[in-house]
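Written below as structure tokens is the structure these notes are about.
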Amino acid sequence: MSFEIKEKDLLARIGKIKTKSATIETPLLFPVINPVIQPISPRKINEDFGFETLITNAYILKKRYQNQPAQQGLHGFLDYDGVVMTDSGAYQILVYGDVDVSPKEIVEYQEAIGSDIATILDIPTGWHVTEQHARKTVNETLKRARQFFKQKTRDDILWVGPVQGGRYLNLVAHSARQMSKLPFQIHALGSPTEVMERYRFDTLVDMILTAKINLPPDRPLHLFGAGHPFMFSLAVALGCDLFDSAAYSIYAKEGRYMTENGTHRLHELDYFPCTCPRCSRATPKQARELPNMEREAFLAEHNLYVCAAEIRRIKQAIRDGRLWEHMETRAHSHPALYTAVKRLAKYRDFIEKHSPSTKPSGLFFYNSLSLNRPEIVRHQKLLAERYTPPKQARTLLLVPQTQTKPYSKSYEYKQIRKKLKQETAEAHVCFYAAPFGIVPSELDEVYPLSQHETAMPLDKETTEYVAEQTADYIRRAKPKTVILIHDPQNWNNTVLKAVKKTCKQNNITCTTTKLERTKQDKS
Ligand SMILES: [Zn+2]
């Protein structure tokens with residue numbers, strides 16, 4: 001199978017996957033259809049909501065309807081023309097401990113009904129388990145995966161190889177590496193449902209990235225049970241291409257109303273913060289007064305509209321190169337999500353390595369959370385590994401970032417040079433600037449060093465980051481003299497202290513001049 005990637009941002013991909021029924025575009029959400037009770041019909045999910053995919057449970061189909069879906073064909077049985085993915089009953093193992101079908105039977109069943117994308121019967125690891133038990137689930141899943149390739153008879157179905165291990169990251173890594181060796185077309189991360197119900201999005205980051213690091217990048221990754229739209233952008237940014245969600249209908253049953261930033265109880269709402277076709281034509285009071293089944297359908301439909309809209313926003317953000325900004329906005333929906341975005345610091349090198357280097361847009365930098373952005377990590381690496389300061393530069397002139405960009409064309413900078421004409425005649429100029437740290441003047445028009453907007457005043461972590469980058473640069477460049485233009489208004493003494501200390505330690509002459517602000521600067 002080819003997964004044709006069209007657009008990238010962070011680890012997110014807009015790409016095409018060819019199935020036997022149709023070609024689908026990632027990132028993609030599969031609404032979960034319970035074949036027994038379903039508030040919205042599959043046909044409606046396709047025609048009214050535009051979902052070209054859905055996922056249903058092969059185990060439930062087999063238990064409840066035996067051969068009927070095989071006789072009618074799965075698409076005919078569901079009255080649905082789109083792409084159908086089937087899960088295998090693994091979730092039922094997680095909930096009930098066991099299922100009464102064999103892995104071989106469930107493979108045969110999915111082939112018989114004609115799923116477009118199908119899943120082997122894996123053993124979910126779960127959350128409250130010992131490492132020993134987790135290892136068992138990983139090994140048993142791997143054993144079943146290997147056996148599966150001797151059992152399957154159809155080549156037109158895309159098969160999913162699930163990665164297990166739960167919160168034991170060493171096991172997730174092992175599971176992913178072993179699964180990679182088998183010719184699955186798609187991989188999935190198993191059992192994160194409990195992690196998400198507990199709002200352990202930081203653990204989810206660890207699980208997803210451990211899987212990503214150890215899986216082949218050209219195979220799509222499915223995240224089972226992704227649930228709520230407020231975390232879609234995080235998961236997509238980390239490289240999850242496919243999701244399924246039953247949350248839209250489970251929430252509806254419980255009277256819960258989703259938004260892209262969180263959840264409301266229907267009985268607490270006075271106004272609908274939504275313009276979907278359902279919310280546009282009713283008030284919360286009217287919705288509350290509907291008979292039970294109708295109210296549930298109302299909420300399920302609204303919830304599904306919200307999920308669909310969020311996926312579309314994420315895709316547009318990928319196109320625009322603004323997925324980080326989008327994810328950061330969503331991170332403010334809940335402290336647990338914010339914690340998860342902070343966790344990306346641990347994986348900054350991996351994310352940088354796999355992120356595109358040019359983008360259609362500039363960066364918006366709000367605070368130190370964004371210091372892990374690939375553009376900033378990449379600049380830091382390029383400067384340390386590839387950049388050599390001009391040979392004749394014995395004097396290093398350090399100038400603070402200016403309001404206008406590029407810095408070297410700014411009025412403030414020209415004034416500084418005029419004033420220090422003699423001392424700096426031979427100097428090499430570097431700007432110390434947020435968020436990139438050190439910007440050599442000859443590079444300051446290179447993307448994205450001038451193409452960004454930064455919120456002022458800077459926070460402590462950002463000033464410390466820039467001070468640290470400045471000190472690192474001095475150690476590498478080894479000038480004889482450093483002339484620092486000190487700007488206490490934007491930088492306190494953070495950069496000043498770091499520069500003085502580094503110069504002292506390396507026997508470099510250091511002179512400092514305080515930045516004078518003209519009337520024009522102040523206005
Ligand atoms: Zn709505």
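- Annotation: ring-ring contact (aromatic ring centres under 6.0 Å, His included) contacts involving residues 13-34, sequence neighbours excluded, comprise Phe30-His222.
- When ring centroids are compared, Phe230 and Phe232 stay outside the 6.0 Å threshold.
- Between atom CZ of residue Arg378 and atom OG of residue Ser355 there is a gap of 6.0 Å, rounded to the nearest 0.5 Å.
- You'll find the side chain of His228 stays beyond 4.5 Å of the side chain of Cys307, heavy atoms only.
- Applying the side-chain hydrogen bond (donor to acceptor under 3.5 Å, both in side chains) test to His326 and every residue at least two apart in sequence or in another chain returns Glu310.
- Considering only residues two or more places apart in sequence or on other chains, Tyr59 meets the ring-ring contact (aromatic ring centres under 6.0 Å, His included) condition with none of them.
- Ala309 is linked by a side chain to side chain contact (heavy atoms under 4.5 Å, CB included) to Arg312, Arg313, counting only residues two or more places apart in sequence or in another chain.
- Partners of Tyr80 by ring-ring contact (aromatic ring centres under 6.0 Å, His included), not counting sequence neighbours: none found.
- Distance check: Leu383 CG to Asp472 CG gives 9.5 Å after rounding to the nearest 0.5 Å.
- Sorted by first and then second residue, the salt bridge (charged side-chain N to carboxylate O under 4.0 Å, His left out) pairs involving residues 166-183 (not counting sequence neighbours) form an empty list.
- Judged as a salt bridge (charged side-chain N to carboxylate O under 4.0 Å, His left out), the pairs with a partner in residues 48-68 (not counting sequence neighbours) are, in order, Lys44-Asp48, Lys63-Asp100.
- Note that the CG atom of Asp459 and the CD atom of Glu464 stand 9.0 Å from one another [nearest 0.5 Å].
- Here the closest heavy-atom approach between residue Ile17 and residue Pro220 is recorded as CD1-CG, 3.5 Å.
- Trp324 meets the ring-ring contact (aromatic ring centres under 6.0 Å, His included) test with no other residue; sequence neighbours excluded.
- Test Asn57, Ile55, Thr56 against Val32 for side-chain contact (heavy atoms from CB on, under 4.5 Å) and you get one pass: Ile55.
- For residues 221-248, the salt bridge (charged side-chain N to carboxylate O under 4.0 Å, His left out) pairs, not counting sequence neighbours, are Arg13-Asp241.
- Tyr257 meets the ring-ring contact (aromatic ring centres under 6.0 Å, His included) test with Phe272, His302; sequence neighbours excluded.
- Legend: residues meeting side chain to side chain contact (heavy atoms under 4.5 Å, CB included) with Ser21, ordered by chain and number and at least two apart, are Thr19, His75, Val83, Asp116.
- Each salt bridge (charged side-chain N to carboxylate O under 4.0 Å, His left out) pair with one or both residues in residues 74-93, not counting sequence neighbours, appears once here: Arg43-Asp79.
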